[in-house]
Amino acid sequence: MSISNVEIADIFTRLAELLEIQGYNHFKIIAYKNAAREIAYLGNSIAKMVEEGDDISKLPSIGSRIAKKIVEIVKTGKLNKLEKLQKKFPPHILDLLKVEGIGPKRAKILYDALHISSLEDLMKAAQEHKIRELGGFSDKIEQKILDKTMFAKKIGKRFMYSVAEPHVNAILAYMQKTEGILKVLIAGSFRRKKDTVGDLDMVATSKNPKKVIDYFVKYPDIKDIVLHGDTRSTIILKSNIQVDFRCVQAKSYGSALHYFMGSRYHVLAIRKLAVERDLKINEYGIFRGKQDITGSCEKDIYKTMGFSYIQPELRENRGELEASKEGKLPHLINREDMRGDLHMHTTYSDGQNSIEEMAEAAKKLGYKYVAITDHSKHLSIVHGMDEKKLRLQLDEIDRINEKLKDITILKSIEVDILEDGSLAMSDSLLKELDLVVAGVHDKFNLSAKQQTKRILKAMENPYFSILAHPTGRLINQREPYSLDMEELFKETVQKGCFLEINAQPKRLDLNDIYEKMAKDLGVKFAISTDSHNMQSLNYMRYGIYQARRGWVEKGNVINTLSLDKLKEILKR
DNA sequence: GCCGTTTTCGGCCCGACTGTTTTCAGTCG
């Protein structure tokens with residue numbers, strides 16, 4: 001199988017980090033890191049591009065030298081330059097960089113002087129007080145390293161958006177009670193609605209920032225205070241989530257918010273453009289020489305730089321600056337645009353509520369229709385429906401529809417796509433449904449070619465409507481199965497089918513990168529909650545957040561349509 | 001190593017906090 005973008009990116013990241021420890025040219029290291037990021041965020045398979053003879057040196061951050069290295073990686077599975085470099089270091093040396101307070105310089109000193117090459121070595125050396133004897137280290141640094149080493153071993157993963165959400169709300173509520181605080185907001189990847197967050201970034205304004213920071217570090221849920229300065233603090237919550245808090249004067253609010261909103265790459269790109277125009281942008285404002293032009297309002301930054309306002313969800317330096325300049329930014333979809341939910345379960349399979357309860361709950365959310373999509377009977381799904389049970393369900397839906405007002409229940413199913421690409425329910429029954437949601441629930445390890453073929457074969461069934469959770473990933477739990485995404489997207493359009501944006505916080509599948517790629521190829525989506533009870537119908541917001549990150553507009557989503565228009569578009 | 005309405009060479013974002021440095025290096029975001 002071809003090497004994945006993530007694996008190629010990882011090679012360049014390792015290369016950059018090892019070169020950093022070696023003390024290599026700083027800007028070359030940045031170039032490798034930029035390339036790694038670019039590759040990781042690319043929707044198209046870079047290996048496939050190489051195999052098809054595309055000129056990858058035209059991609060941003062990838063020039064002739066790195067392109068050559070990528071070709072080598074695709075052809076041989078490895079990079080000779082990295083292989084040679086790795087021989088100079090022990091295998092786990094890069095783990096040292098995961099420890100807060102240890103960067104490349106200190107890692108090199110620790111390795112050269114004490115032959116420390118893993119977190120275990122590091123902890124042992126600290127316990128034996130060998131580190132304090134090194135030049136540039138002290139007993140205080142040694143203690144810090146000891147504490148942080150234990151922490152580095154425990155974490156190292158990102159948190160799901162939905163896990164961070166209650167913490168954000170609690171901290172905001174706490175900080176709003178601070179005396180003298182003017183504004184307090186969440187920024188960073190959370191505000192940009194990324195599916196996972198590494199840490200939380202918060203910004204506040206006050207005439208007395210120090211007082212606000214001093215209040216912040218007394219937040220009751222704190223496990224550890226990493227930094228405690230006059231305008232800034234970093235803490236670790238008991239749940240191991242890191243929170244960076246920054247407080248500035250009101251006149252710098254917009255600039256500070258913009259900076260801490262990120263992404264780094266978006267902010268960096270704007271700062272570079274500012275330099276070209278003899279301006280300087282930092283957290284405090286936009287400066288021409290020493291004169292502060294603006295800073296109190298985020299919108300002013302974009303205006304000053306000649307851009308229209310860019311929504312936080314788009315700030316990844318993935319084309320939003322160009323689109324803004326050309327007036328081609330998308331009108332991002334909102335929760336209010338949604339008229340129905342097309343994927344949910346009831347007690348007919350593994351759901352917890354009845355059909356009627358689900359429909360009533362959906363009505364309260366303002367929906368005009370829902371599709372009931374219980375599982376088909378198949379080995380991998382417990383309590384799936386056979387034909388007899390589905391028949392019973394269809395009759396019950398008819399009865400409820402006669403009774404209900406202001407909402408329509410659509411007949412559907414979440415049917416398994418079997419390994420050979422057939423659907424686990426007879427066509428004669430599928431034919432009676434308003435729509436068919438189909439998904440892969442087993443055999444995740446097929447090759448990209450086989451898995452793609454399996455799904456495309458299923459789409460040939462004339463009753464196939466929506467592909468559920470297209471890549472099957474579970475955040476922090478299961479990798480997506482291998483697929484040729486470009487082919488999937490093209491064929492989806494060609495065959496008149498649709499792709500789901502599954503709003504379960506654990507899934508968020510498709511992800512933002514694929515959403516944008518699919519949208520550009522003309523794919524239309526259904527944003528659905530895959531609810532198993534009434535409460536999780538509220539997960540719709542997570543789906544909307546991800547869709548917005550993928551540049552998705554109302555017109556790209558079929559469950560924003562009226563019931564009549566939806567039925568029309570579902571006809572194949 | 002990348003990049004370029006001018007430039008194929010010479011730039012490459014900018015600032016806070018920590019420690020113990022009496023003027024700054026290392027790290028982080």
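Reminder, nothing fancy here: chain letters follow the sequence lines and each chain counts from 1.
- In this structure, A/Ile62 reaches the sugar-phosphate backbone alone: every heavy-atom distance under 4.0 Å involves primed, P, OP1 or OP2 atoms, never a base.
- Applying the side chain to side chain donor-acceptor pair (under 3.5 Å) rule to pairs touching residues 268-282 of chain A yields nothing, sequence neighbours excluded.
- Within the 4.0 angstrom heavy-atom criterion, no nucleotide atom of any strand lies near A/Lys33.
- Nucleic acid contact class of A/Ile281 (heavy atoms, under 4.0 Å, all strands): sugar-phosphate only.
- Out of B/dT27, B/dG1, B/dG29, the shortest distance to the side chain of A/Lys105 is found at B/dT27.
- A heavy-atom distance below 4.5 Å is not found between the side chains of A/Thr231 and A/Val248.
- Within the nucleic acid shown, A/Gln242 comes within 4.0 Å of sugar-phosphate atoms alone, with no base atom in reach, counting heavy atoms only.
- Residues A/Gln249 and A/Ser252 have side chains that never bring a donor and an acceptor to within less than 3.5 angstrom of each other.
- Nucleic acid contact for A/Ile270: none, since no nucleic acid atom lies under 4.0 Å from a heavy atom of the residue.
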Heavy atoms under 4.0 Å is the rule here; annotate nucleotides 15-23 of chain B 5' to 3' with B where the base is hit, S where only the sugar-phosphate is, and - elsewhere. BSSSSS---
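- Side chains of A/Glu165 and A/Pro505 form no contact here, defined as non-hydrogen atoms less than 4.5 Å apart.
- In summary, A/Glu100 and A/Lys148 do not engage in a salt bridge, as defined by a charged side-chain N under 4.0 Å from a carboxylate O.
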Show me the protein contacts with nucleotides 6-11 of chain B, counting only N or O atoms at under 3.5 Å.
none

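- Across all strands shown, B/dT8 remains unpaired; no Watson-Crick or G-U wobble contact has both distances below 3.5 Å.
- Each of B/dC12, B/dC13, B/dT27 was ranked by its minimum atom distance to the side chain of A/Phe27; first place goes to B/dC12.
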